[in-house]
Every structure is written in structure tokens, then in C-alpha cells.
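Data first, discussion second: the structure below is written as C-alpha cells.
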Amino acid sequence: MGPAGFTNTFEEFDFRPGGRWKFIMHGPDKGNYQNECIFSEIIYPKLITWDRLSKPLFRMELSLTDIAPGKTKFGFRMIFNTTEECNKIKSFVIDKNEENFDRLEHELETMI
């Protein structure tokens, strides 16, 4: 989880609607970034949504759709309440999310 060079320390992971997810992202620059979320919706195996309780505030929506045997479409959407919250991370979030997806792809390849 996270961009290239990041590691995480998970403090709590209660994977159910209403459950909390608390972790610290440790950046390669030695920065520590506290994250706290609450799972709002889990529809197995199609949808997971969570709301960030730490800033910047947004709802994360992760969707999975079967498109062919052995192929799944992965959707990843950040939904902000205000333009200001979005603008706080807009300049770097696309590239950092791509790094996150690269890491996910690598993990999935090791599972095959």
C-alpha cells in the first residue's frame, strides 16, 4: 500500500462496514503519515468504500468487475466533498497512485 518506497505499520484493520482502518505510512523521506479510515460499504466481491478520517478528507471507492474469464476491471475513485480538499493533493496524487498500482500489479504477479 502506498507509492514507491513507502512502508506501513498497521495499527487496526477491522474489515467490515463501520470497521476502522488505522495505519502509518512511512515515506522514503523518513516522514510518517498517520491515516485513519472507516469502511462504509463492502459488497463482496464487487465494491469496497471507505471514508478517510484524517486529512485530506475523501471517500475512496474500489470496484472490481469481471470482464472475461480470468480478467477483472479494477476501478479506483477518490471522491472529495470540496474542491479545496481535492486541490491539496491534485498536483501529485495521480503519479503516486500509479506507483501504488505498480506495486499492486507486482504483488498480484507473485501470486500467480
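Between the side chain of Asn100 and the backbone N or O of Gly2 there is at least one donor-acceptor pair closer than 3.5 Å. With hydrogens and angles disregarded, a donor-acceptor distance shorter than 3.5 Å links the side chain of Thr49 to the backbone of Glu41.
Looking at Glu36 and Arg52, no side-chain N of the basic residue comes within less than 4.0 Å of a carboxylate O on the acidic one, giving no salt bridge.
Of all heavy-atom pairs spanning Phe76 and Phe101, the tightest one is CD2-CZ, 3.2 Å. Between Ala4 and Pro28, the shortest heavy-atom distance links the atoms O-CG, 4.1 Å.
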Q: Using the side-chain contact (heavy atoms from CB on, under 4.5 Å) rule, take Val93 and Met78 through it: C-alpha gap first, then chi angles, then the decisive distance, then the call.
A: CA-CA 10 Å; Val93 75; Met78 301 168 79; 3.8 Å; yes

**Q.** Pair Thr83-Glu85, side-chain contact (heavy atoms from CB on, under 4.5 Å): steps then yes or no
**A.** CA-CA 6 Å; Thr83 303; Glu85 284 295 315; over 6 Å; no

Q: Given side-chain contact (heavy atoms from CB on, under 4.5 Å), test Thr65 with Phe74 step by step and report yes or no.
A: CA-CA 7 Å; Thr65 307; Phe74 175 80; over 6 Å; no

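From Leu62, atom CG reaches atom CG of Leu47 across 8.0 Å, with rounding to the nearest 0.5 Å. In this structure, CE in Met60 is found 8.5 Å from CH2 in Trp21, a value given to the nearest 0.5 Å. Atom-to-atom distance recorded for Phe23:CZ and Thr9:OG1 is 10.5 Å, nearest 0.5 angstrom.
Summarising the local packing, CD1 of Ile67 is surrounded by more than 12 heavy atoms from other residues, nucleotides or ligands at distances under 6.0 Å. Within 6.0 Å of the CG atom in Asn81, the count of heavy atoms belonging to other residues, nucleotides or ligands does not exceed 12.
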Side-chain donor-acceptor distances from residues 10-18 under 3.5 Å, at least two apart:
from, atom 1, to, atom 2, distance (Å)
Glu11, OE1, Gln34, NE2, 3.4
Asp14, OD1, Arg16, NE, 3.1
Asp14, OD2, Arg16, NE, 2.9
Asp14, OD2, Arg16, NH2, 3.1

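Ring-plane geometry between Phe58 and Phe80 is classed as tilted, the angle between the planes lying from 30 to 60 degrees on a 0 to 90 degree scale.
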